[in-house]
Amino acid sequence: MFKVLATFLAAATAIIAARAETHTIHFDNRCGRGTPTLVQNGRILSTGGDFTSNGPFVAGIAYLQTGNCLLNGEHCGTVEMTFGSSADISLIPPLAFNVPLGFGYYNGCAGAGAECNSANCNTAFHVPTDNQVQVACQQDNVNLAITFC
């Protein structure tokens, strides 16, 4: 009985390990100022270094802290992401353009992404119904590079 249980546990562990997903968020700050910031559920996860999620990553917000951004990116432009779904750039008030920003998936989703170089770019949410700007990616283990300036 013990051998059967041990074999079952080993097989289950191998299956879970094989199915575990990871995602890395990488920042490239070309502005010469500011601090890249990654927030999830009101908690700062990174201030410029790569962040790796071991498992699903839902409702992350990234922005370049230039001194006037609040915790969830208010007063700044944000990249919002949920791995397994989509990412987008948002300028919906109280968010506002502060620096050029963009993102691109890597290690999956054919490098899909978006960039916004001005306050009136057509690649960002300006109102909640701008759903066409979402960049979908449903691949496991895909990563995201976020660039400022």
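Taking the side chain as every heavy atom from C-beta outward, Phe148 and Phe27 approach each other to under 4.5 Å. In this structure the side chain of Asn131 reaches within 4.5 angstrom of the side chain of Phe125, judged on heavy atoms. When side chains are defined from C-beta on, Asn41 does not count as touching Val58, because their heavy atoms never get closer than 4.5 Å. Within the 4.5 Å cutoff, no side-chain heavy atoms of Glu21 are placed close to those of Phe57.
Rounded to the nearest 0.5 Å, atoms CE (Met81) and CD (Gln40) are 9.5 Å apart. Between Cys69 atom SG and Glu74 atom CD the span is 9.0 Å, to the nearest 0.5 Å. For the atom pair Thr35 OG1 and Asn29 CG, the distance stands at 8.0 Å (nearest 0.5 Å). Separation of atoms CD (Gln134) and OG1 (Thr123) is listed at 13.0 Å; rounding is to 0.5 Å. Note that the CD1 atom of Ile61 and the OG1 atom of Thr78 stand 6.5 Å from one another [nearest 0.5 Å]. The CG atom of Leu45 sits 4.5 Å away from atom CZ of Phe51, with the distance rounded to the nearest 0.5 Å.
Considering all non-hydrogen atoms of both residues, Pro36 and Gly34 come closest at CD-O, 4.0 Å. The shortest non-hydrogen separation linking Glu80 to Ser90 is OE2-CB, 3.6 Å. Here the shortest heavy-atom pairing between His126 and Asp130 reads N-OD2, 2.8 Å. Closest of all the heavy-atom pairs between Pro56 and Ser53 is O-OG, 3.4 Å.
Ring centroid separation for the pair His23 and Phe83 comes in under the 6.0 Å cut-off.
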What verdict does the side-chain contact (heavy atoms from CB on, under 4.5 Å) test give for Asn143 and His26, after you've listed the backbone C-alpha separation in whole Å, the side-chain angles of each residue and the deciding distance to 0.1 Å? CA-CA 8 Å; Asn143 303 307; His26 170 79; over 6 Å; no
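With hydrophobic clusters built from ILVMFWY side chains whose heavy atoms lie under 4.5 angstrom apart, Leu38 shares a cluster with Ile146. Each of Ile89 and Val39 belongs to its own hydrophobic cluster when Ile, Leu, Val, Met, Phe, Trp and Tyr are linked at side-chain heavy-atom distances under 4.5 angstrom.
Side-chain atoms of Thr82 come within 3.5 Å of backbone atoms of Ala59 as a donor-acceptor pair (strictly under, hydrogens ignored).
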Using a 3.5 Å cut-off and no angle test, enumerate the donor-acceptor pairs between side-chain atoms of residues 91-116 and protein atoms at least two apart in sequence or in another chain.
| unit_1 | atom_1 | unit_2 | atom_2 | d |
| --- | --- | --- | --- | --- |
| Asn98 | OD1 | Gly77 | N | 3.2 |
| Asn98 | ND2 | Leu64 | O | 3.2 |
| Asn98 | ND2 | Thr66 | OG1 | 3.4 |
| Tyr105 | OH | Ala87 | N | 3.1 |
| Tyr105 | OH | Val135 | O | 2.9 |
| Glu115 | OE2 | Asn117 | ND2 | 3.3 |

